[in-house]
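To find a chain, count down the sequence lines: A is the first, B the second, and so on, and within it residues start at 1. Because the structure is a prediction, the values reported are computed rather than measured.
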Number of protein chains: 2
Amino acid sequence: MSHAVEPGSVRPGGRTARVRASVLRAAGDVLAEAGFTQLDLADVARRADVGKTTVYRRWGTVTNLVTDLLLDMAEQSLPRADTGTLLGDLTANAQLVQRTLTDPRQAALFKAIIAAATGDTRTAQALHRFYDTRISEWAPCVEQAIERGEVPADTDAREVIRAVSAPLYYRLLVTAEDLDEATADRAAQAAVVAARAGAYRQRTANAS
Amino acid sequence: MSHAVEPGSVRPGGRTARVRASVLRAAGDVLAEAGFTQLDLADVARRADVGKTTVYRRWGTVTNLVTDLLLDMAEQSLPRADTGTLLGDLTANAQLVQRTLTDPRQAALFKAIIAAATGDTRTAQALHRFYDTRISEWAPCVEQAIERGEVPADTDAREVIRAVSAPLYYRLLVTAEDLDEATADRAAQAAVVAARAGAYRQRTANAS
DNA sequence: CCTCTAACGGTACTGTGGTTCCGTTAGAGT
DNA sequence: ACTCTAACGGAACCACAGTACCGTTAGAGG
């Protein structure tokens, strides 16, 4: 097991960082233009003006590259809203997600990652962690709503946030129906109504 | 343009049908065991006791094979429920979907198809048609609920059905959270509550 | 400024996914 | 039953994604 260390981890500055940035940018380009299946490491290397060997050494597989792309994106997180009402906050969240999934570049990336996660455990973990932190960032909206008495006290905050995203991702991946602002608003509205009615109460408290 | 005809379409009976069945079964096996990325046509041919050439001639790519698998599955459609209440019907639907996505074989197939559809237009079309018919089968539940006065008259029936599935698929593909009966019940419950509150009214009538 | 080596990158190589060729098998029509 | 050919299947073949090798470049530390 002479697995040594990952290339790029010992000297992460200077040239190494430039190469990484250049490769990730090129990979994003290919993804947006041609999609996941067309992503070929040699091609990425060419576009990034980087040696093919380097790309294979540092990423090795398409899946790893896509995962790294996700981690890179995870760093720029957008702050949650605080509009004073649950509907306002969730609408802001829904629209943020909607805009993300409508942007060609980001949509392609998310599709690629989700497709890759389907068949690779490590990618799946990265994906779950990504959404875990995103959901944690927005959950306080629901907690505030609980304090304001808008929804039952035992509401599962994270589940409400997921309920907002679910229909949007469903459209992106499964249905390919229009994904516009109205859809986002509707998703937020439905989540609020359901939450008020107690549909997202903690399971443990829900033993009939 | 000597595209002739698709092999298997002129003489669809007898041996041809046997080969198709055998290959699809083998493909399903691989999918369930090892996932989409491991699906290699030569391997499928070996397992199906069929010539590698045959598989390449008739399907050509992994994507085509997976699409064919979906079409094959689309033929056995399950009838919708009719329990007398919207909640009852949607719960039945949610549990049906939940059971499907929990079954290892079917879950793997759906993941594979959705992943493939991500990067291939033809597969995407097949996928959309599949869900289109499924949704059409269940939409009457909502229409009956409209007649009973359970939900507003201008409720978008198909959107309600989609709302039931969305959180389940979201879990399957994005979140990997538990996907049990309680989740299904909750999805149905949330959809009903939101529908009653008018969250799924037709857009055209919703111009503020 | 000099050294040391992590990381890069060109070239040559290899294994395998996919194709081509052509002979064989077995349904469908008469 | 006999014929005709769609469809199958083995084997040789090929292109190219992925690997191995090794010399070169450029950050980091003294």
Side-chain angles (χ1 to χ4, degrees), chain A residues 2-27 30-31 34-68 72 112 116 119-120 122-123, chain B residues 2-27 30-31 34-68 72 112 115-116 119-120 122:
Chain A
S2 63
H3 200 285
V5 278
E6 293 268 291
S9 59
V10 177
R11 275 184 190 174
R15 178 171 57 168
T16 299
R18 276 201 306 281
V19 165
R20 182 173 120 107
S22 178
V23 168
L24 292 187
R25 202 178 42 65
V30 176
L31 232 49
F36 178 56
T37 44
Q38 307 303 316
L39 198 60
D40 154 48
L41 295 197
D43 181 43
V44 169
R46 226 173 298 125
R47 287 181 181 238
D49 269 312
V50 157
K52 170 181 156 182
T53 315
T54 300
V55 175
Y56 276 103
R57 181 171 37 236
R58 284 194 53 188
W59 289 279
T61 67
V62 171
T63 290
N64 286 340
L65 180 55
V66 166
T67 304
D68 199 19
D72 188 60
D120 181 73
R122 277 174 33 75
T123 307
Chain B
S2 62
H3 199 287
V5 279
E6 292 268 290
S9 60
V10 176
R11 274 186 193 173
R15 177 170 60 167
T16 300
R18 278 202 305 280
V19 165
R20 183 173 119 106
S22 177
V23 168
L24 293 187
R25 202 179 41 64
V30 176
L31 232 48
F36 178 57
T37 44
Q38 307 304 317
L39 196 60
D40 156 46
L41 295 198
D43 182 41
V44 169
R46 224 172 300 125
R47 287 180 180 239
D49 268 311
V50 156
K52 170 179 156 182
T53 315
T54 299
V55 175
Y56 276 103
R57 183 173 33 237
R58 284 193 53 188
W59 288 278
T61 67
V62 170
T63 289
N64 286 341
L65 180 54
V66 165
T67 304
D68 200 18
D72 187 60
D120 180 73
R122 276 173 35 75

Polar side-chain atom of Thr123(A) near backbone of Thr67(A) as donor-acceptor pair, under 3.5 Å: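 Flag not set: sc Thr123(A) to bb Thr67(A) has no pair under 3.5 Å.
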Expected output: side-chain Thr63(A) to main-chain Ala116(A) donor-acceptor under 3.5 Å: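 No, because the side chain of Thr63(A) does not come within donor-acceptor range (under 3.5 Å) of the backbone of Ala116(A).
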Using whole Å, what does the distance between atom [atom2] of nucleotide [N] and atom [atom1] of [X] come to?
{"X": "Leu39(A)", "N": "dG18(D)", "atom1": "CG", "atom2": "P", "result": "10 Å"}
{"X": "Asp49(B)", "N": "dG10(D)", "atom1": "CG", "atom2": "P", "result": "9 Å"}
{"X": "Asp43(A)", "N": "dG18(D)", "atom1": "CG", "atom2": "C1'", "result": "15 Å"}
{"X": "Arg20(A)", "N": "dC8(C)", "atom1": "CZ", "atom2": "C1'", "result": "17 Å"}
{"X": "Trp59(B)", "N": "dA7(D)", "atom1": "CH2", "atom2": "C1'", "result": "11 Å"}
{"X": "Leu65(B)", "N": "dG18(C)", "atom1": "CG", "atom2": "C1'", "result": "15 Å"}

First of Gly60(B) and Arg57(B) reached from the 5' end of DNA chain C, by closest nucleotide: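 Closer to the 5' end of DNA chain C: Gly60(B).
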Distance-minimising heavy-atom pair for Ala112(B) and Leu31(B):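 Shortest heavy-atom contact: CB-CD2, 3.8 Å.
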Side chain to side chain contact (heavy atoms under 4.5 Å, CB included) between Asp120(A) and Thr37(B), intermediate numbers included: CA-CA 8 Å; Asp120(A) 181 73; Thr37(B) 44; over 6 Å; no
Most 5' of Gly51(B) and Ala42(A) on DNA chain D, judged by nearest nucleotide: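 Taking each residue's closest nucleotide, the earlier one in sequence belongs to Gly51(B).
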Arg18(A) side chain near dG27(D) phosphate (N/O to OP1/OP2, under 4.0 Å):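 The answer is yes; a side-chain N or O of Arg18(A) sits under 4.0 Å from OP1 or OP2.
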Distance below 4.0 Å between Thr53(A) side-chain N/O and dC8(C) OP1 or OP2: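 Indeed not, no polar side-chain atom of Thr53(A) lies that close.
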Closest approach to the side chain of [X], judged atom by atom: which nucleotide of [options] is it?
{"X": "Tyr56(A)", "options": "dG18(D), dG27(D), dG27(C)", "result": "dG18(D)"}
{"X": "Asp40(B)", "options": "dC8(C), dT25(C), dG17(C)", "result": "dG17(C)"}
{"X": "Lys52(B)", "options": "dA7(D), dA7(C), dT19(C)", "result": "dT19(C)"}
{"X": "Arg58(B)", "options": "dA6(C), dG9(D), dC8(D)", "result": "dC8(D)"}

Note: Arg58(A)-Asp68(A) ion pair, threshold 4.0 Å (strictly below):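 Here Arg58(A) does not pair with Asp68(A) in a salt bridge, since their nearest N and O are not under 4.0 Å apart.
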